[in-house]
**Student:** 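For reference, the structure I am asking about is given below.
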Amino acid sequence: MPKFTTCWVTRNKLSALFALHLDYLDLQCEMNLLSIKAVSGIFLFVLLLGVMYNFNTNRTLEPSEKTEGTSVDGCAAKTITFCPEGHLKSPDHLKYKQPSIIHGRTNVVTVTPWLAPVVWEGSFNPNLLDAIYKPKNISIAATVFAVGKYTMFLKDFLETAEQHFFVGFTVHMHVFTDKPKEVPKVKMAAGRKLTVHTVPSADRWQEISARRMEIIQKLIEEELQDNTDYIFCLDVDSKFYDRWGTESLDRLVAVIHPGYYKTNRDVLPYERRPSSKAYIGLGEGDFYYCGGAYGGQVQEVHQLTKTCSENFKDDAKKGIEAAWQEESHLNRYMWINKPTKLLSPEYLWQDFKSKEPEIHTIRFSGVIKNYAAIRPNA
Ligand code: UD2
């Protein structure tokens, strides 16, 4: 009887189970105990087991599973993200104004080319959105830095946030300062609280502004990732004038800068040196986003702040500081990692600018300040 032909099978392509069976088959061949017909039957059975094993080990990740790995622009190498919020669920029989797709804002664009909404007054129903988000018991964190003389802005910032920022929701304000005693006592509504974190002062305003990203990254890692849904990172030298609420929630949220939304992208103040990791070339980029307001789900903002602060440090090793510090890196990040929602310049105006016709309300705005008097350096 000829030697059985299993010797041509490449064992490392099959499962351990299959290999065991092959050994068993080899043994059988040596001993000439089974007929070719019987062995062929066993072989087919084992082959079937091997195919099933390979299929099982190569299957696609389940939605709750994630693989790590980050590129320069913060894109996870292979991630299937499970959205904890799920779809929007309206309360049963809620009455609200009938939506229309032919009537609405006409003098502004309310969607980007990648189909992310751009939020303008008149483009959303605040009561409907609040009714959808209220039962979800979401929690929102906000970060604000007041280092050196910038503590003078805290009182107005915090008091106006009480009046307009996610009123009626769970809000945790995180104030970072080198002068904790100068943080004013502001009466906060039920469900809202404030924590003061002490940070060192610095000799250069650029450094204070830029290192916020790394501090926010650590705050998310150490305190927020398991108990907070959304985070917004805001400039302190600003005040709220009107509602900033659930309409702003999404995975990755950017605010379009009030100074540049009518500007040709080739003259936007992006970082233009190719040697910088914040580089955006001519003919590139989408919008110019504010460093003074951005946010989203904590996982997304963690990825953003981690990537931007790493890129900022890599630039520093080469002696480069991007044109607008972390704002330049944020713009580079958001160009590659498209924001899932954009907030119009209503969400960060500047008090010194006169109101434009398309701006129907100003929700949050930078106060007029004397830079020379408040910054530690010119
Ligand atoms: C723009 C951005 C700001 C940042 C900066 C470039 C807006 C409205 N503002 O603002 O976010 O991207 O360009 O770095 O988009 N700070 C202190 N103490 C200081 C200096 C700064 O606490 O001595 C903090 C404070 O929270 C302030 C923020 O850093 O709001 C930004 O500094 P800025 O307001 O002086 O920068 P500005 O106006 O150039």
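Source: prediction; values computed, not measured. Just so you know, ligand 1 is whichever comes first in the structure, and atom 1 is the first atom listed for that ligand.
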**Student:** Under 6.0 Å between the ring centres of Tyr270 and Tyr288?
**Tutor:**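 Under 6.0 Å, so yes.
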
**Student:** Measuring from atom CG of Leu342 to atom OH of Tyr347, what distance do you get when rounded to the nearest 0.5 angstrom?
**Tutor:** 12.0 Å

**Student:** Assert yes or no for the condition that the ring centre distance of Trp244 to Phe232 is strictly below 6.0 Å.
**Tutor:**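 Distance test on ring centres: under 6.0 Å, yes.
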
**Student:** Residue by residue, ordered by chain and number, which ones reach under 4.0 Å of ligand 1 with a heavy atom?
**Tutor:**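 Correct list: Phe145, Ala146, Val147, Tyr150, Trp205, Ile208, Ser209, Arg212, Asp235, Val236, Asp237, Cys290, Gly291, Gly292, Trp324, Gln325, Glu326, Glu327, Leu348, Lys369, Tyr371, Arg375, Pro376.
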
**Student:** Does a side chain donor of either Gln217 or Glu221 reach within less than 3.5 Å of an acceptor in the other side chain?
**Tutor:** yes

**Student:** How about Trp205 and Ser209: does a side-chain donor come under 3.5 Å of a side-chain acceptor?
**Tutor:** no

**Student:** Please determine whether a side-chain nitrogen of the Lys or Arg among Glu321 and Arg204 lies less than 4.0 Å from a carboxylate oxygen of the Asp or Glu.
**Tutor:**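 Judged by the 4.0 Å cut-off on N to carboxylate O distance, Glu321 and Arg204 do form a salt bridge.
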
